[in-house]
Amino acid sequence: MMNALKGKAFAIIVPLVAILFGFLAGALIMLLSGTNPITGYGALISGIVGTPYDFGETLQRMTPLIFSGLAVAFAFRTGLLNIGVEGQLIVGWFTSVYVGLAIEAPMVIHLPLAIVAGAVAGALWGFVPGLLKARFQVHEVIVTIMMNYIAMHVTNSLIRTYLLDSGQRTSFINPTASLESPFLSELTQFSRLHWGFFVAAAACVLMWFILWKTRKGFELRSVGYNKNASLYAGMSVNSNIILSMSVSGAFAGAGGAMVGLGTYQYANILPSFTNIGFDGIAVALLGGSTSVGIFLSSFLFGGLQQGANMMQSQAGVAPELVEIIIALIIFFVASSYVIRWALGRLQSRKEEK
Amino acid sequence: MDYVIEMNNIRKEFPGIVANDNITLQVKQGEIHALLGENGAGKSTLMNVLFGLYQPERGEIKVRGEKVDITDPNKANDLGIGMVHQHFMLVQNFSVTENIILGSEPTTRGRIDLGKAEKHVQEISDRYGLKVDPKAKIEDISVGMQQRAEILKTLYRGAEILIFDEPTASLTPQEIKELIQIMNNLIDEGKSIILITHKLKEIMQVCDRCTVIRRGVGVGTVDVEGATEDSLAEMMVGREVSFKVDKKPAQPGETVLSIKDLTVEDIRKVDVVNKLSLDVRAGEIMGVAGVDGNGQTELVEALTGLRHSKSGSVFVGGKDISHYKPRKVTETGIGHIPQDRHKHGLVLDFTIGENLLLQTYYQKPFTKTGILNYNLMYEKAEELIKEYDVRTPSSKTMARSLSGGNQQKAIIAREIDRSPELLLAAQPTRGLDVGAIEFIHSKLIEERDKGRGILLVSLELEEVLNVSDRIAVIYEGEIVEIVDADKTNEQELGLLMAGGKKEEGEPTS
Amino acid sequence: GCGGNDEDTTPVNENGGNEGADNSAEENNASENTDNAEDNNGEASGDAEGFSSKMVTDVGGVDDRSFNESAWAGLTQFGEDYPEADVDYVQSGDAADYLPNLQQLAREGTDITFAIGFLMADDVLTVAEQNPEQNFAIVDEVVTDGDGNPVDNLASITFAEHEGSFLVGAIAAMHSENDEVGFIGGVESPLIKKFENGFKAGVKHVDSDIEVAVQYAQDFNDASTGQNIADTMYSNGADIIYHAAGGTGNGLFTEAIDRNESGEEVWAIGVDQDQAVTEGEWSEGNVILSSMVKRVDNSVYNVSEETLNGNFPGGEVIELGLEDDGVGIAETQDDVSQEALDAVEEYEQMITDGEIEVPQTDEEYEEFLSSQE
Amino acid sequence: MDVILQILYIIVPAALIAATPLMLTAMGGLFSERSGVVNIGLEGLMIMGAFGGIVGTLMFESLGFGNASPWFGIMFAVLIGAVFALFHAVASISFRADQIVSGVALNFLALGLTVFLVREIFDRGQTDTISARIFRTDIPLLSDIPVIGPMLFSRVYVTTYVALLIVVIVWYVVFKTPFGLRLRSVGEHPMAADTMGIKVQRMRYIGVMLSGAFAGAGGSVYAVTIAGNFSAGTIVGQGFMALAALIFGKWTPFGAMGAAIFFGFAMALSTSAQQLPGLQNIPQVFFLILPYVLTILALAGFVGKAEPPKALNQPYTKGSR
Ligand SMILES: Nc1ncnc2c1ncn2[C@@H]1O[C@H](COP(=O)(O)OP(=O)(O)OP(=O)(O)O)[C@@H](O)[C@H]1O
Ligand SMILES: Nc1ncnc2c1ncn2[C@@H]1O[C@H](COP(=O)(O)OP(=O)(O)OP(=O)(O)O)[C@@H](O)[C@H]1O
Ligand SMILES: [Mg+2]
Ligand SMILES: [Mg+2]
């Protein structure tokens, strides 16, 4: 059908237009603050793809963002708003590093074990709000906000009391648990790109598979749309809520493992939140809670964050501008209704002629 | 002759559809004017145009001979037009009075004067015989009282021209009778009424003239006096419609459902089903007649596992299912056409295909080792769509975008196709047009003839009478009488439904 | 002040976006050569032409009114004194930026790159090892390679915060009327512990009967908790509170100002910079008795200059204490009694002479206490 | 006994101080969510408020307003907050954006924009410190009442009492006036409101802008009473806590107020308790997580289900069902 076709094309065009608008608005701000937008964006682009190093770093930054985006999206699909991805990521980071430190095992066992440990810790952190929601109807938004703080304080305290090595961090994990890749790193002029990137890509496929190919996925989506009808159809709404929060937490926890086992190789006392989890909300929503969308939007996010440094040093653009641009892009994507409407108008005008 | 309302050559489009195309409607002062058409014909749309909710693309509206531009409901209010909408426009957690005064609240020093408002509401309600409790919360009162609150909203604003969009669809016979009385009172007070209804009998009973629209186009206006139900139906559908449900006598077999002393609580922990006992046999349709709020909803929910029963037992095929979860219940061989298709029946944001397999997706061959085979699912869905004539562009269309009648057909397809021994049908035709109703009734009878037991719960006496073989009358959570359908009539049932006592307006709540 | 984004002081790389890429290509070739850091050091020899000295800030930025700002002030001064030299900074948005920022400066061919803050310890080591022909220095941390050996192209600059804290501790002890003082820490870490233990030692050295209340907010940015802690401490009788808590310390000043406005006399002691210049003002004066300053600016200036002159202190650990003017009491000391100032002078001498061994860790503090008796 | 009183004399005022910004912001959230618009952007609105409060105060100081400056600063912040909330309003009401997405974007935008502006104005990452401040005071007469006087009326910020008064006013407005009735109807059943001639979109705009105004007040009160200056780290998480208070309080003014005070109390307890004799040996982490654990326990234990406004998070289109 005509409309279906239009729908598919629009699904791609609309976010692109939104991104374009976001950048245009950014250019305007640059002009107003006395910077040449062309120089600014030139620096931004070269900061993302200018050298293999930058590109590697962009992909490295993408990795945990993909996970946190998946985590938010997964819960969202079941009608839950998981603001606790940040905390789940933190416990995942800590736990994976702990396993990476405390255990001696060959890599084939150690590395998967450490990642799984991170995922399990995150799942546990998501399980609590899920359980409270299912059992006592406690709003998940509050509980997840609270769980974030608990995660940060508890892991900080555990590191401080038991694992402190130098400065603010634990010692480095055993190489058998490391995602580090000298190959990828050298390929990208010593960026921190690590194998985790591929794990993240696999996680995207995994989420897609769970949601769209499995029985559980069918149930999770059903519960997300209509709890009553799901109950009527014999699904257990409560266990699906708990499951959804746990899986969401597992994605987040695995994201933490990527940071701990890949980017840093240690866990450290966090003076404040990492923000990766909060960024995940934006990544997921920008990506329309789909796997492909999340992959692409985390590239945009990671790239902008990476390129921001270059914009600052080469074009003298304040790094905050990138944050503003990101915000505007999200606005425009969210407001896609208008873009859709305007595009529709344009198109029908063309058709009339 | 002067018209109070003239809508001339109205055209209203929605993206991809022309809901009203060149429709003309003229309403005389002091008449009840029926507006008739199938589901989706464009009646509500036309009225929403008149009420200022939509702006027409073309056409003109005259009120009392003067050309007007009704840009929003406020404008309609000013012109004395009031509308009682098809889906109630009531804020559930507000009181009756709050709903009525919303938008034109009486105040003293900036504060809403509820006392004054309640008194005013009481006055109007007394004047027109619209019994309501001004202080009650909407969520706590019966549908009938909600309906009256809706009417009061328009009267409170001094409406002279009232639009009723399917006001009787969810009312009990008693309530309908009262409503008709109310409408007559209103006419006596000099008001004019436009009435939308699918029930031809009502049109014959109260209306003066009738305008018929079909697929967005006006068919014409006739005097009700010279018309018959058959002629109106033919005008509306474009072909002859049979109202009498054809069915052979039932050949009941073994008992498939046996309810013993079942007691069920509602959310307020009040026993609304009271030691109820009832048997349904294979090959018969057992109708349950009763005034809304006598425990029908809770009964069905308890039977299907959606609600815990407090005591008693429910036997299906020799097993006591009274403590089964919904999944187990359906697996026992019970189909359930739920009363509220949007709440329970469908996941509106799922495709029609996914909805058609909402009860069976987890079984083989659709799911194997946790993997759901969507291709197979849609294949199956296509079959059902064809067999049950569900009008949808494709099996991958969102359920939300189907019309009510087609949504209902999809549910029926799903529930019947699972070949249950027992089918629980709760108000399966609510709000549907005659064509759709005809289809669903014939399906139910077809299933009966295949030897299935059917429990039909309906608030519509006519439906219960026409479709059922036996009728159980429910009153205050108990079955007060079981009668053969062909040995009773509306009068008798009405009496029984009122508990055998003389008729009262309001069921106790 | 020393405006961060000031056009004059922030030379933008005029060669545009491609330079980084070109350089790194060259560097990659270069890095195949053997370690020639030593040659590199000699090369600049006094002539600042083509010499570059740059820094990567922590998340605070060059205007954090703390060590980043101080470091940038040192670098700016260096740029003024050697106009041909190229000085610049890159700000980190979060911890994930440290490494890329350091990499970026290295790839631009910066002669000496400063990593400001101990959080960058691991990252600067990585970059230093990857870029052996360039020089690096880290502030606030001692960095060695995996085996604990010094790294030739990496200098560690640390400060004897405990020594400076000892002095303000002594001042606090001598000023306290209630014989009770307090310390508010940001996030607990070995570095902040140095402040705490030095301070406590200073207090106890003056009078072992004075109580020291200690609490960590576990946050460098929570003024509300800072105020709450200060409130509790003051209410419990402390009349002077020292902080090493960044933004959390704002809450301390708020509380101290408040109490002074309502007629109570309490004091606060600032940290890192002469905080009385920017904070602590109330209608009749300033609540900040004095501050413990850390001359990051001097250290950055000196190391830049040494590098320029070919004397990069590679592999060395530079600990700047009282004796090097690395730490000390801020210029603002109007409200400090002469008696206390005299005592401070005396203690300073004793510390410099090694007569007093100021404790840094909890264990050392315990030892210190027992040795006092 | 005395010891306990002594503790309460510290904790109760501290709780009220910490609760004040949350309370005000939660009132903002209430207006928005009662009109049917989710406001996860409260954090961003508070950031704008804190920024506006400090910049405004500095501006009025330099204009010679003296000690009145912070009050004008707060009003300035209220204005800034309301205007900034327009972003959320336009996106989620007129453009039918997902309200959660739009709120998230608002948070990003606020942080980026304020820090950007601070750099433009002050040439550094944080503003100057304000010197005209609102100070703690003893409320005359009331503070002399034994026991409650020192607990509730001494060493308090006037802003706290203003905030408490505002809660009462908000309650009155939302539940007793035509405006409140209309606002709530729009959040419960916009279509019904529409048929009653209420301009749904306009009511929602008002709701969202009021949320900006109140969150602006909340952020600025925090900034001018506690922080004293503004930087990226001034508001971190308070907006989310305010949102939690709103939900905890079941979308009612007094409920949200109670929840905010509960948070404040738990936080004050967690910081003050560490100074108490006998408690010093308990690992600090237990105190740090105390407020959050207490909240979860309270919710699970006896607060339970909260019923949000029915039309929350649903854009309204005329004629849709
Ligand atoms: N908001 C809308 N957007 C798009 N299309 C609509 C909308 N409302 C109605 N329509 C279209 O207009 C047609 C007429 O709908 P309308 O609700 O007026 O039918 P109706 O005659 O009232 O039906 P029913 O008897 O079921 O109430 C529908 O078939 C539908 O396609
Ligand atoms: N808001 C809407 N947006 C788009 N299409 C709509 C909308 N509302 C209704 N429709 C269209 O209206 C058509 C008929 O809908 P409608 O609800 O009038 O059917 P119905 O049989 O009257 O259902 P009901 O019994 O629930 O009133 C459908 O085809 C549907 O696509
Ligand atoms: Mg309809
Ligand atoms: Mg209709």
Side-chain angles (χ1 to χ4, degrees), chain C residues 1-6 57 59-65 68-69 91 93 182 184 188 213-238 246-248 250-251 253-255 257-262 264 275 277-283, chain D residues 6-7 9-11 13-15 17-18 20-21 66-67 115 118-120 122-126 128-138 154-155 157 222-229 231-238 264 267-277 280 284-285 287-288:
Chain C
C2 8
N5 270 352
D6 199 344
T57 76
V59 287
V62 290
D63 37 31
D64 67 342
R65 299 220 161 108
N68 288 302
E69 179 162 327
Q91 184 183 333
I184 301 175
E188 191 179 328
V214 172
Q215 190 170 345
Y216 283 82
Q218 301 302 8
D219 198 321
F220 281 114
N221 249 329
D222 186 350
S224 174
T225 299
Q227 184 186 20
N228 195 188
I229 296 174
D231 186 8
T232 312
M233 284 182 178
Y234 284 136
S235 294
N236 283 347
T248 303
N250 281 357
F253 299 137
T254 300
E255 185 60 28
I257 292 169
D258 228 304
R259 285 183 179 249
N260 277 294
E261 292 283 356
S262 56
E264 218 175 313
Q275 286 199 287
V277 174
T278 52
E279 318 277 340
E281 196 185 314
W282 64 292
S283 53
Chain D
Q6 212 59 48
I7 297 167
Y9 291 162
I10 297 172
I11 291 182
I17 291 171
T20 304
N67 281 334
V115 180
V118 166
R119 278 199 206 292
E120 291 286 310
F122 297 91
D123 247 355
R124 52 168 66 236
Q126 67 274 83
D128 298 338
T129 304
I130 56 170
S131 47
R133 289 183 176 227
I134 296 170
F135 295 109
R136 287 180 161 197
T137 44
D138 293 346
S154 353
R155 311 203 49 251
Y157 287 111
Y222 182 86
V224 300
T225 56
I226 298 167
N229 70 355
S231 70
T234 303
I235 301 291
V236 270
Q238 287 98 324
M267 289 183 205
L269 186 69
S270 92
T271 36
S272 301
Q274 296 172 63
Q275 300 283 328
L276 298 179
Q280 273 133 343
Q284 190 189 7
V285 62
F287 293 111
L288 290 172

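A note on names: the letters A, B, ... follow the listed sequences, proteins ahead of strands, and every chain is numbered from 1.
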Report task. Answer with side chain, backbone, both or neither: which region of C:Tyr216 has an atom nearer than 4.5 Å to a non-hydrogen atom of chain D? Result ->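 Contact with chain D: backbone and side chain both.
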Query raised in the report: Using non-hydrogen atoms only, which part of C:Ser224 is less than 4.5 Å away from chain D: side chain, backbone, both, or neither?
Result: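 Contact with chain D: backbone and side chain both.
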Region of [X] that comes under 4.5 Å of a non-hydrogen atom in chain C:
{"X": "D:Phe287", "result": "neither"}
{"X": "D:Ile235", "result": "neither"}
{"X": "D:Asn67", "result": "neither"}
{"X": "D:Gln275", "result": "both"}
{"X": "D:Thr137", "result": "neither"}

Nearest 0.5 Å please: distance from the [atom1] atom of [X] over to the [atom2] atom of [Y].
{"X": "C:Thr254", "Y": "D:Phe135", "atom1": "OG1", "atom2": "CZ", "value": "9.5 Å"}
{"X": "C:Ser262", "Y": "D:Arg155", "atom1": "OG", "atom2": "CZ", "value": "6.0 Å"}
{"X": "D:Leu269", "Y": "D:Ile11", "atom1": "CG", "atom2": "CD1", "value": "4.5 Å"}
{"X": "C:Thr248", "Y": "C:Asn228", "atom1": "OG1", "atom2": "CG", "value": "12.0 Å"}

Query - Pairs where residues 267-277 of chain D contributes a residue and the test salt bridge (charged side-chain N to carboxylate O under 4.0 Å, His left out) is met, not counting sequence neighbours - result: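 Salt bridge (charged side-chain N to carboxylate O under 4.0 Å, His left out) check on residues 267-277 of chain D returns no pairs.
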Query raised in the report: C:Arg259: what forms a salt bridge (Lys or Arg N to Asp or Glu O under 4.0 Å) with it, not counting sequence neighbours?
Result: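 Partners of C:Arg259 under the salt bridge (Lys or Arg N to Asp or Glu O under 4.0 Å) test: C:Asp231, C:Glu255, C:Glu264.
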Requested in this report: May I ask you to name which of D:Gln274, D:Met267, D:Gln238, D:Gln126 has the most heavy-atom pairs under 4.5 Å with chain C?
Outcome: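 The candidate making the most pairs under 4.5 Å is D:Gln126.
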